[in-house]
Protein chains: 2
Amino acid sequence: MKLSKKGEYALRALIDLGIAREVGRELVQVTELSDKELIPAKFLEQIMQELKAAGFVIAQRGKFGGYRLARPAAEITIGAVVRFVDGPLAPIGCVSHSAYEKCSCPDEEHCGLRMLMLDVRNAIAGILDRYTLADVVEVTLRKLRRDSLPLPFASARPAPGVRVKRVPVSRRSTSTSRRLAPVEGLLSELLPDYAI
Amino acid sequence: MKLSKKGEYALRALIDLGIAREVGRELVQVTELSDKELIPAKFLEQIMQELKAAGFVIAQRGKFGGYRLARPAAEITIGAVVRFVDGPLAPIGCVSHSAYEKCSCPDEEHCGLRMLMLDVRNAIAGILDRYTLADVVEVTLRKLRRDSLPLPFASARPAPGVRVKRVPVSRRSTSTSRRLAPVEGLLSELLPDYAI
DNA sequence: TTAAACCCTATCTGAATAGTAGGAAAAAGA
DNA sequence: TCTTTTTCCTACTATTCAGATAGGGTTTAA
């Protein structure tokens, strides 16, 4: 039930872009991301390329260029990213919503294993499709502030002449209408506005 | 978040062995299993070998031999099987209970992604470690009976001279003390004794 | 004795994973 | 215009793993 390195790197980079925006940074360069997250730079470059093609990020070429999120972090679910990079969330094809595939078993309708795996896929999707980059950004920032640690991207490499504007951290990363039932979990404890 | 074919085949075979026992069959041969489930016979043979080495099944060699579960189906969790065949349930090493591995990120303690993935791993483990082969067997048999379909292994290939003893289906697959909080899910609806 | 089962080891193929490498094109500033 | 710094693009590679296949050896019951 693994998430690939590529998937992990993609998520980490996107979360960083979310943090950067929250801290007032417009653009972040690949090398900054790869340095911070200890990701091979050239590999991340490729990944960012794909994320751009998929519409998750927007690139600014040339000197003082970089990447930024193409949409508000609250509108990018973790599930969408994972599906794009690693394929369907479902453990087996015959319970996938996004990429159903008939399984080899003779009678899908009476397959107990399928029921079980459907529960698993629903559990996974229930989490990954509920939470967005904004949620993860919020949790991360909250933890850093709690421990009085310096925020990343805070004033690192601001493009010369660009005044760093201190954007107040948005109270609730807004938008994303909560569409599902109450959840339990570590994240929902840290994001208490969800517990309804 | 895939389950490998090998993992799927292993589970299907074990579930079949559970069904067979519930229906009064002592031993089931690899070819019966591979025929029923449309699994390449030689591949399944290998898998059964490993399941034997791991103590999930017991083999009977020679003519009219076959495999049977080494323990009551209610004492074999799905999670144990999946972990054995496919490794840890956790999407990334740094949230695995059974095989923790420090991740490359610089600060695990303040990693929002890690929190999220921990929720995912708990959700997966919460299901796969809660349900046993007995549960899946029960669901499967229930569905087959509901639709008045013939039960597999019912009287297929009984060893000559072996009187098929009609074991009454055990009321609740017994034992396995329920150790966790209430769940929701498709299986728990079909196994209502769990809904507490 | 023999047929039918499991047992064991080796081998193979294609795909996926996790990168590396090297330069072209663009943008900003001097 | 020229240089620097960035993204963009394409190709390549090494290793592992998935998913088998092959071919016999050993055991057991009739």
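Computation of the quantities below employed the complete heavy-atom set of this structure, encompassing side-chain atoms and omitting hydrogens, waters and symmetry-equivalent molecules. To find a chain, count down the sequence lines: A is the first, B the second, and so on, and within it residues start at 1. Predicted, not measured: the structure shown is a model, and the values here were computed from it.
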Asker: What residues form a ring pair (Phe, Tyr, Trp, His ring centres under 6.0 Å) with B/Tyr100, not counting sequence neighbours?
Answerer: none

Asker: Distance check needed: C/dC8 C1' versus B/Met48 CE, whole Å only.
Answerer: 16 Å

Asker: How many whole angstroms separate atom CG of B/Leu51 from atom C1' of C/dC7?
Answerer: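 Taking atom C1' of C/dC7 as the reference, CG of B/Leu51 is at 15 Å.
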
Asker: To the nearest Å, how far apart are B/Gln29 CD and C/dA3 C1'?
Answerer: 12 Å

Asker: Considering only heavy atoms from C-beta outward, does the side chain of B/Glu8 approach that of A/Ser104 to under 4.5 Å?
Answerer: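 Result yes, sub-4.5 Å side-chain heavy-atom pair found.
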
Asker: Between C/dT17 atom P and A/Glu8 atom CD, what is the distance in whole Å?
Answerer: 14 Å

Asker: With nearest nucleotide decided by heavy atoms, which residue, A/Gln49 or A/Lys63, maps closer to the 5′ end of DNA chain D?
Answerer: A/Lys63

Asker: Side-chain contact test, heavy atoms from C-beta onward, threshold under 4.5 Å: evaluate it for B/Gln46 versus B/Lys6 and give yes or no.
Answerer: no

Asker: Can you tell me how far C1' of C/dC7 sits from CG of B/Leu44, to the nearest Å?
Answerer: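 Between C1' of C/dC7 and CG of B/Leu44: 14 Å.
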
Asker: Under 3.5 Å, side chain of B/Asp119 to main-chain N/O of A/Ile127, donor-acceptor pair present?
Answerer: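 Not a single qualifying donor-acceptor pair exists.
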
Asker: For D/dT7, does either OP1 or OP2 sit under 4.0 Å from a side-chain N or O belonging to A/Lys52?
Answerer: no

Asker: Nearest whole Å is fine: how far is C/dT2 C1' from B/Phe64 CZ?
Answerer: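 After rounding, the gap between these two atoms is 12 Å.
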
Asker: Taking the side chain as everything from C-beta on, heavy atoms only, tell me whether A/Tyr67 gets closer than 4.5 Å to A/Gln49.
Answerer: yes

Asker: Any side-chain heavy-atom pair from B/Phe64 and B/Leu27 closer than 4.5 angstrom?
Answerer: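 When only atoms from C-beta onward are counted, B/Leu27 and B/Phe64 do not touch, as no gap falls below 4.5 Å.
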
Asker: How close do A/Glu37 and B/Pro106 get, counting heavy atoms only, and between which atoms?
Answerer: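 Closest approach of A/Glu37 to B/Pro106: OE1-CD, 4.0 Å.
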
Asker: Quick one: which protein N/O atoms are closer than 3.5 Å to N/O atoms of nucleotides 14-16 of chain D? Pair and distance per line, please.
Answerer:
none

Asker: Within the structure, does a side-chain N or O atom of A/Gln60 lie under 4.0 Å from either OP1 or OP2 of C/dA28?
Answerer: yes

Asker: What's touching nucleotides 18-22 of chain C from the protein side, N or O pairs under 3.5 Å?
Answerer:
residue	atom	partner	partner atom	Å
C/dA18	OP2	A/Lys5	N	3.1
C/dG19	OP2	A/Tyr9	OH	3.0
C/dT20	O4	A/Gln46	NE2	2.4
C/dG22	O6	A/Lys42	NZ	2.5

Asker: To the nearest 0.5 Å, how far apart are CZ in A/Arg121 and CG in A/Leu128?
Answerer: 10.0 Å

Asker: Could you check whether the side chain of B/Arg61 and the base of D/dT28 have a donor-acceptor pair of N or O atoms closer than 3.5 Å, going by distance alone?
Answerer: no

Asker: Measure from NZ on B/Lys2 to C1' on C/dT17 and round the result to the nearest Å.
Answerer: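 Atom-to-atom, B/Lys2 to C/dT17, this comes out as 16 Å.
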
Asker: In whole Å, what is the span from the OH atom of A/Tyr67 to the C1' atom of C/dA26?
Answerer: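 Nearest whole value for this atom pair: 13 Å.
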
Asker: Which residue, A/Val85, A/Val136, A/Val82, forms the side chain to side chain contact (heavy atoms under 4.5 Å, CB included) with A/Leu11?
Answerer: A/Val82

